[in-house]
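In what follows, a structure is listed as structure tokens, so that the remarks can point back to it.
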Amino acid sequence: MVSAGGKQYTGSSLVLAVLGAGQFLMTLDSSVMNVSMAQVASDLGTTITGIQTAITLYTLVMATLMITGGKIGTILGRRRAFGIGLVIYGLGSSTTALAPNLPVLLIGWSLLEGIGAALIMPAIVALVAANFAPERRPAAYGLIAASGAMAVAAGPLIGGAVTTFASWRYVFAGEVVIVIAILFFLRRIADVPAQKVHLDLPGAALSALGLGLVVFGVLRSSVWGWVRVRPDGPAILGLSPVFWLILGGLLVLWLFVRWQTRLARTGGQPLLDLALLRNRQLTGGLTMFLMQFMIQAGVFFAVPLFLSVVLELSALGTGVRLLPLSLALLIAAVGIPKVWPHASPRRVVRLGLLSMLIGIVILAAGMDPGANAGVVAIPMLLMGIGLGALSSQLGAVTVSAAPDEKSPEVGGLQNTATNLGASLGTALIGSALIATLSSSALTGILENPAVPPAVQQQATTELSSGVAFVSDSQLTTALAETNLDPGAQQAILDVNADARLEALQAAFALAALLTAGALFASGRIRK
């Protein structure tokens, strides 16, 4: 027990381990799911697009509820909110472990685990402040962040090994065990007492609805089209539903801002203190968090597809190929502050972005028919160094931008930015990938003389609504059930192989453009 300023702090290693374990859990799921996508899709009888939907909705639920979850933690007390979040998260993990199909997976993983995480993550930020003296908090926050980096590093190997030798379901069953262990030690953590504050329910509903509409619109763009209506697709006043979803979401977010402004002006208790968003340092850090996780999620979605679907590596083989990124991220995140403690955050962030950009460009250039697993080694190393560089700086940039009493709100905004970025990244990169795959596959079939005219006509009708990202083995099995001659079957296999690589190249090109755009936003990071 340590005393500082008349207040008692536990500051124990056990508390740090418990909170770090919570952070580890929150990060583990996505990294496990990325390397196991092909197997999960096969087990649940769905497609890669279905798993993309699950990944996007998981991070979207967290993003839309994070600020609300922080406010609920203020009302209930942070330790109680942490415990309730763990129980909900454990229920979600057990549901996911037993999921027989995609809808149950969406309920267990995307919904229940997302709700649990929205209560857990803001509580972790506040509980660190309650248990550690001010001079020890930066180190404690750094170790909590390192726990998340460890999950990114270990997730691909854990998920790959368990999926290859047993089943991905055991990962989620193991999470239930970790949840029970954390709950057992919960009372050892000093609480942040509950406060009598009002929960802005209209604000919570508006923020969740607005963000949800925008991301859902982006997610469906590969199926419905952005503005023009796809053949046999739905239409609203002659335009794609995606246009109306994004437009409606932006209008709802504008109403949210006006509502928050009105509450602040009339002496109410808004869900979000909009004055924080006038803080240049804070908004600069939040923007970079958004961009980092958008790029990271997009690349983490596309690279495993290349390894597990195009090259048909096992989940363990996919995890091993991602190891350079994981290790480089962990080393850079922990090592840069030690080796370069007084570095300019802006310079470190820019160097990190340049490292990521070079890695992504090499990936895009390497997507050719002769590519093998070795093509991802150097890009993954460069990506890991870049992501680690950003991780080493951005947390300190945002936390130091506002007074200590605002740390829970800053933590909520930070978690919202990271999860919204992850949602948008998976949706955008996935949308570009599926749209390019569909267009390239259709063009290739129509222009290939080895494909019979009847098949070309059928493809024009059936492929216009989207193409599944499938391996050569899966497509060969499907073609064997048709009456096409071997020459036509091989032609379709060749078209699919070329279309997959072109789709991956488009996905990486978009990720490179987003990284270059982030360099422009880095000017708001302090020197």
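Computed from heavy atoms alone, side chains included, the values below leave out hydrogens, waters and symmetry copies.
Under the 4.5 Å side-chain criterion, counting only non-hydrogen atoms from C-beta, F301 is in contact with L305. In this structure, M380 and V299 have side chains that are in contact, with non-hydrogen atoms separated by less than 4.5 Å. Between F289 and L413 the shortest side-chain heavy-atom distance does not fall below 4.5 Å. Residues E113 and M26 are not in side-chain contact: their nearest non-hydrogen atoms beyond the backbone lie 4.5 Å or more apart. Inter-residue side-chain proximity for M294 and I429 is flagged as unmet; no heavy-atom pair is nearer than 4.5 Å. Side-chain contact check for L420 versus M66: every heavy-atom pair is 4.5 Å or farther apart. With a 4.5 Å cut-off on side-chain heavy atoms, Q414 and L286 count as touching. Between L424 and V215, some side-chain heavy-atom pair lies under the 4.5 Å cut-off.
Atoms OH and OG1, on Y89 and T96 in that order, are 8.5 Å from each other to the nearest 0.5 Å. Rounded to the nearest 0.5 Å, atoms CD1 (I385) and CG (L390) are 13.0 Å apart. Distance check, rounded to the nearest 0.5 Å: CD1 of I246 to CG of L251 gives 12.0 Å. In this structure, I120 CD1 and L127 CG are separated by 11.0 Å, a value rounded to the nearest 0.5 Å. The structure places CD1 of I295 at 7.5 Å from CE of M383, a figure rounded to the nearest 0.5 Å. Here the CG-CD1 distance, from L510 to I360, works out to 10.0 Å after rounding to the nearest 0.5 Å.
No donor-acceptor distance shorter than 3.5 angstrom exists from the side chain of R79 to the backbone of A123, with no hydrogens or angles considered. One N or O on the side chain of S94 and one on the backbone of G90 form a donor-acceptor pair closer than 3.5 Å. Although no hydrogens or angles enter the test, the distance criterion places a donor-acceptor pair under 3.5 Å between the side chain of Q260 and the main chain of L271. For S110 (side chain) and A54 (main-chain N/O), a donor-acceptor pair under 3.5 Å exists by modelled atom type. Between the side chain of S522 and the backbone N or O of R350 there is no donor-acceptor pair closer than 3.5 Å.
No more than 12 heavy atoms of other residues, nucleotides or ligands shown are found within 6.0 angstrom of CH2 on W254. When the shell of 6.0 Å around CZ of R346 is examined, it contains more than 12 heavy atoms from other residues, nucleotides or ligands.
Of all heavy-atom pairs spanning G83 and L186, the tightest one is CA-CD2, 3.7 Å. Closest of all the heavy-atom pairs between A41 and I51 is CB-CG1, 3.9 Å. Minimum heavy-atom separation, M291 to L514: CE-O, 3.2 Å. Of all the heavy atoms in P122 and G69, the pair that sits closest is CG-C, 4.3 Å. Heavy atoms only, all atoms of each residue included: T261 and L274 are closest at OG1-CD1, 3.4 Å. S207 and T64 make their closest contact through OG-O, 4.1 Å (heavy atoms, listed as atom of the first residue, atom of the second, distance).
A side-chain contact (heavy atoms from CB on, under 4.5 Å) with I189 holds for exactly one of V128, L19, I182; it is L19.
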May I have the step-by-step check of side chain to side chain contact (heavy atoms under 4.5 Å, CB included) for L213 and W244, ending in yes or no?
CA-CA 9 Å; L213 287 173; W244 297 109; over 6 Å; no
Can L354 and L519 be said to form a side chain to side chain contact (heavy atoms under 4.5 Å, CB included), step by step?
CA-CA 8 Å; L354 285 171; L519 281 167; 4.0 Å; yes
Quick one: do V349 and Q292 satisfy side chain to side chain contact (heavy atoms under 4.5 Å, CB included)? Show the steps, please.
CA-CA 10 Å; V349 166; Q292 174 193 342; over 6 Å; no
Show, in sequence, the C-alpha distance, side-chain angles and deciding distance for L183 and V179, and conclude whether the side chain to side chain contact (heavy atoms under 4.5 Å, CB included) test is met.
CA-CA 6 Å; L183 287 170; V179 164; 4.0 Å; yes
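Aromatic ring pairs are classed by plane angle as parallel below 30°, tilted from 30° to 60° and perpendicular above 60°; the pair Y58 and W109 is parallel.
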